[in-house]
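Report on the structure given below.
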Amino acid sequence: MQITFLGTGPMEPIPRPGHQDSICQDARKFKSKSKRTRSSVVLNYKNFNLLIDASPDFLKQVKQNKIKKIDAVLVTHPHFDAYGGITQLNAWLKSPIPIYCQKQTWLIIKKRFKNLPNLKYKEIVPYKKFIVNNFPPKADPPRAEIILPLPVQHSIINERKFPTLAFKIKNLIYCSDVKTIPAKSLGYFKNIQNLILDAAMYFNKQIFSHLNTADAILLAKKLKIKKLYLTQIGHSYPPYKTAQKEIQRFVRQNKIKTNVYLAFDKMKIKL
Ligand SMILES: [Zn+2]
Ligand SMILES: [Zn+2]
């Protein structure tokens, strides 16, 4: 399975118009890893592309990554940066595909965007495993990948209104928006090989709805994660190379065995 990070940024992309700070200046350089669109990934297995979240930068992202088709989509939660590209996706599709999300999420999407003929809603329920049809496609031997939706706390103020999921797929968990992980979900995170995790705020910065760099790394240490990929990277970060250096220093100082990677747009990993 191959994972492509379509976007690794926060609610508002980086660089931001008119900004002269170091992160935005660095992000304007050619091929800069500080440049970030809103968070989303594509999981590819053979000929099948599974999209997680349809960010408002969807069209730009598929073009940049030369993605020609999407076969199914999962939505983590009903914040605009996670679903705002749903009309772009709907118009871009040549034929209908399934969209998997919680009922509450679908109601919010449908309230905002009424006409989505190319997206066929499939309800998913926390902790109830589901199969994405043809993921991977009927192959050698025929099997379907099982996906487990794990509830996490992200919008603490409005949790009921904005329920949020992480997705466990084989030896990977994708958890792009989180502040705390409830005990029942946390059990599934333990010893997972690959974790893509929210680290929106930089080391000493805090916000009520996201983890910061240190929280994310120390959590991965506690959970004995093999490889940690930091995503949802926000504007409080320094330029990519500086952040990378400071992260590796933190890893050494805290004797962390997890391999920590600062994800960037267009990054690809193979599992
Ligand atoms: Zn800026
Ligand atoms: Zn969110």
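Order of appearance sets the numbers: ligands from 1, and atoms from 1 within every ligand. Numbers here are sequence positions counted from 1. Small disclaimer: the values here were computed from a predicted structure and weren't measured.
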With respect to the Zn ion (ligand 1), what is the nearest N, O or S atom of Asp21? OD2

Are Asp71 and Lys69 ion-paired here, with the side-chain N under 4.0 Å from a carboxylate O? yes

For Tyr188, is the NZ or CZ atom of Lys168 found under 6.0 angstrom from the centre of its six-membered ring and inside 45 degrees of the ring axis? no

Of all N, O or S atoms in His79, which has the smallest distance to the Zn ion (ligand 2)? ND1

Aromatic rings Tyr240 and Phe264: how do their planes relate, parallel, tilted or perpendicular, breaks at 30° and 60°? perpendicular

Can you classify the ring geometry of Tyr121 versus Trp106 as parallel (below 30°), tilted (30 to 60°) or perpendicular (above 60°)? parallel

Once rounded to 10°, what is the value of the angle centred on the Zn ion (ligand 1) between His235 NE2 and His19 ND1? 100°

